[in-house]
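First the structure, in the form of structure tokens, and then the observations on it.
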Amino acid sequence: MSGLFDDQALADLDPTPDEGPPPEPEDAHGADPEGIPDDLFAGTFAEPRAAEEDAYYRNGARKPLTDPAALLDGLNEQQRAAVTHSGGPLLIVAGAGSGKTRVLTHRIAHLLSARGAHPGQILAITFTNKAAGEMRERVAELVGPRAQAMWVMTFHSACVRILRRESRQLGFTSSFSIYDAADSKRLMALVCRDLELDPKRFPPKSFSAKVSNLKNELIDPEDFAGQATDGFEKTLSEAYTMYQARLREANALDFDDIIMTTVHLLQAFPDVAEHYRRRFRHLLVDEYQDTNIAQYTLIRELVGEPGGAVEPAELCVVGDADQSIYAFRGATIRNILQFEQDFPQAATLLLEQNYRSTQTILSAANAVIARNEDRRPKHLWTNSGGGARITGYVADTEHDEAQFVADEIDRLTDAGDARPGEVAIFYRTNAQSRIFEEVFIRVGLPYKVVGGVRFYERREVRDVLAYLRVLANPEDTVPLRRILNVPKRGIGDRAEAMIEALALRERISFAQALRRVDEAYGMAARSANAVRRFNVLLEELRTVVESGAGPATVLEAVLERTGYLAELQSSTDPQDETRVENLQELAAVALEFEQERANAEDESPGTLADFLERVALVADSDEIPDEEDEGGVITLMTLHTAKGLEFPVVFLTGMEDGVFPHMRSLGKTKELEEERRLAYVGITRARQRLYVTRSVLRSAWGQPQHNPPSRFLEEVPEEFMDWRRTGPTVRAPEPKAPVVARRGGAPAGGFATGRKPDRPVVSLAPGDRVTHDTFGMGRVVAVQGEGDRAEASIDFGGEKPKRLLLRYAPVEKL
DNA sequence: TAGAGTGAATTTTTT
DNA sequence: ATTCACTCTA
């Protein structure tokens, strides 16, 4: 990414920079908006710009528009209204493919030109870092590089910026660590162990999720302690309190804390809130349907109330309730549905013309989403013509499904109908990507998997980052314990337990206890020596950091002095070769970061904490492939990742009940509706061609499973479908029976397939006792649905009852 | 303490 | 199927 758009450039325009000597207390949150240096990129829209800008254009960048009116060229009436609306809160209900990104960027450009806003007054919140980068770049294309002074970022990045700047108010240092989901889970596991909770009854994983939900609803440990009623909640409350205390002790915030704490900060310190209200006069939020309570409250705090010391900022939110797919992590569709009530003067504009897909694809999507209850109907339309019908394919196995996809892509590329870079393959869960990879490698198709096992989640990367984290924040327990014996240095479980006991006894942190090994009882001399050596190692590394070395240098020192790299290099395990490569890549990332900072002509080379923040919040090492030379590569990703993207050719794979919709949503209407919205998102990503495929047989848990067709398939009207194959023509297990294409006539998904014809659906009632082939004896708790759709919740003595689709579950009544 | 060997659980989706 | 956690032995 161009250095002109990097974080440092943003920081340069901030009233109070992140780094440098701490300001005097009265300056704690910097100058007022008047303090935004208005000599920087000063001037009106068409005026000549500063020398920095000349350099920018010499690098080949497009010249900005010279006339604000030109921003409206090529926009339809609704879009223009959305771009130019002024005066009050604005909700833009943007249907799929309605050009919402364009409208947002043009609106920002409009604010900066026709409305005379200063870029420093704009805060635009996007869902992903990638979207932020693109938006910044596109606005710069329209109005020039002064766009770099805007805050365009995710909720989390914005909050971290605010928190770092205001950390003194909250009594923690600005170099706090950021805990990702894995760290949180680990910490919660430690807490549960210390509370001696039975992991069967109180699984740390579910506690972790519940705490996350509480934070998303802004319920802090004290609030929750007050409202916990039953024994379970009391225990949860205890764990939450301790978890939060441990985070504090480690000077760390988890993902949910980042938002919650920012909200608390703004609520507790009115002058801080006022500062940001004065500063951000324009607040824009994309993907508003995916905001949760904490984010919603944050927006309200930043906008301010009418009649307050500062006029409320101008708020513009964009979203589509039909594309809300993150309820599982706390998003509330309520926020977008109630916008007009929340912000009484609000105007609502609808973008209903679709510029992306053919009418066929659009109609199919509309038919599917129409099945959801309680939604405001939309009238998406397009004038781009009917287009081809949707191709359906029923494979015998998931391998055949992948093979069909590969063959079809081959056919399309040979015929010149599409290039690999124009094709995307979507699936419900990451695990489904593997089979496609195998087949694509074999047939030699270029592809890229987006998401999945991410770079920063690999073991070796996390190990090395753990060292950096400990160096940046010595009190940070979770990474400290991770590296204590990595690479192996003779500090085992027992030694660790002794240190922990010392920490508990002396009421000090684990990190401090480690430094006071000599006081630990019962530690073998050998172990104690190992710990001392470890302390010395950390001390050495710390001197490297204190000598002012940048992240890349520190990283190199870690790799060398810990022996981590040496251990991998001398290993015979071929996997370790990849690990070394990954670490080299990490080193490259660090170096790039360092240079980026150096170029930003700021004294600070970028601290370790900055680097770690970037790593925690911008885990973007696998990017969505650009349409590069030579036709590009096929993109593989989950449906969630696909949000906001579009492709000429889309394969929607694994269209099976139990896969998509996912097993765990089957009994629950709400979750099923979310799955349906996910299907809607998937369908509407396609511009010209859409394929839907499923497999009759799919192995999961190493066991073959029969899956019925996804209910979403049946929701697509038959007239839009072109079934290339509807299932095995012969039930006999001959390998590769010749395929006879049956067109048109068969019902969606081909009912002729995949069912054990002879097994009647067991009829059950609550209270019945049953046996299950794998789960054993159980008792029926509840039954839903009838006939083929019947599902039962059955208690097999596990933590919670299992939900089984009776048509397929191997259950027998006793 | 480390490594081998066994058994259980894993599969939503992500900032 | 694969991975992770736990137990047992050297």
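Everything numeric here is computed off the predicted structure, so don't read it as measured data. Reminder, nothing fancy here: chain letters follow the sequence lines and each chain counts from 1.
Taking atom CZ of Arg329(A) as the reference point, atom C1' of dT15(B) lies 5 Å away to the nearest angstrom. The interatomic distance linking Glu675(A) (CD) with dT11(B) (C1') rounds to 13 Å, in whole Å. Distance CG (Asn430(A)) to P (dT13(B)): 5 Å, rounded to an integer number of Å. Between the NE2 atom of His156(A) and the P atom of dT14(B) there is a distance of 14 Å, given to the nearest Å. Taking atom CG on Leu666(A) and atom P on dT11(B), their separation rounds to 18 Å, with Å as the unit.
With sequence neighbours excluded, the residues satisfying salt bridge (charged side-chain N to carboxylate O under 4.0 Å, His left out) with Glu646(A) are Arg356(A), Arg687(A). Evaluation of the salt bridge (charged side-chain N to carboxylate O under 4.0 Å, His left out) rule for Asp183(A) yields Arg462(A), Arg469(A) as partners, not counting sequence neighbours. For Arg526(A), there are no salt bridge (charged side-chain N to carboxylate O under 4.0 Å, His left out) partners, not counting sequence neighbours. By the side chain to side chain contact (heavy atoms under 4.5 Å, CB included) test, Asn529(A) is found to be paired with Arg532(A), Arg533(A), residues two or more places apart in sequence or in another chain being considered.
Using a 4.0 Å heavy-atom cutoff across all strands shown, Ala524(A) reaches no nucleic acid atom at all. No engagement by Asp256(A) is indicated, since no non-hydrogen atom pair under 4.0 Å with the nucleic acid exists. Residue contacts for Phe155(A): at a heavy-atom cut-off of 4.0 Å it reaches no nucleic acid atom on any strand shown.
Among the nucleotides dT15(B), dT1(B), dT13(B), the one closest to any side-chain atom of His640(A) is dT13(B). You'll find that the side chain of Thr128(A) is closest to dT15(B), out of dT1(B), dT13(B), dT15(B). Comparing dT11(B), dT15(B), dT2(C) against the side chain of His662(A) picks out dT11(B) as the nearest. Set against dT1(B), dT13(B), dT11(B), the side chain of Ser527(A) has dT1(B) as its closest nucleotide. Side-chain proximity of Ala495(A) to dT1(B), dT15(B), dT14(B): nearest is dT1(B). Residue Thr641(A) has its side chain nearest to dT14(B) when only dT2(C), dT14(B), dT15(B) are considered. For Thr429(A), whose side chain is taken as the heavy atoms from C-beta onward, the closest listed nucleotide among dT14(B), dT1(B), dT13(B) is dT13(B).
At the phosphate of dA1(C), neither OP1 nor OP2 sits under 4.0 Å from any side-chain N or O atom of Ser699(A).
Counting only residues at least two apart or in different chains, salt bridge (charged side-chain N to carboxylate O under 4.0 Å, His left out) contacts with residues 490-499 of chain A comprise Arg481(A)-Glu496(A).
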- Nucleic acid footprint by protein, nucleotides 2-10 of chain B - heavy-atom cut-off 4.0 Å, B for base, S for sugar-phosphate alone: SS------B

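Between dC4(C) and dT13(B), the distance separating the two C1' atoms is 22 Å to the nearest Å.
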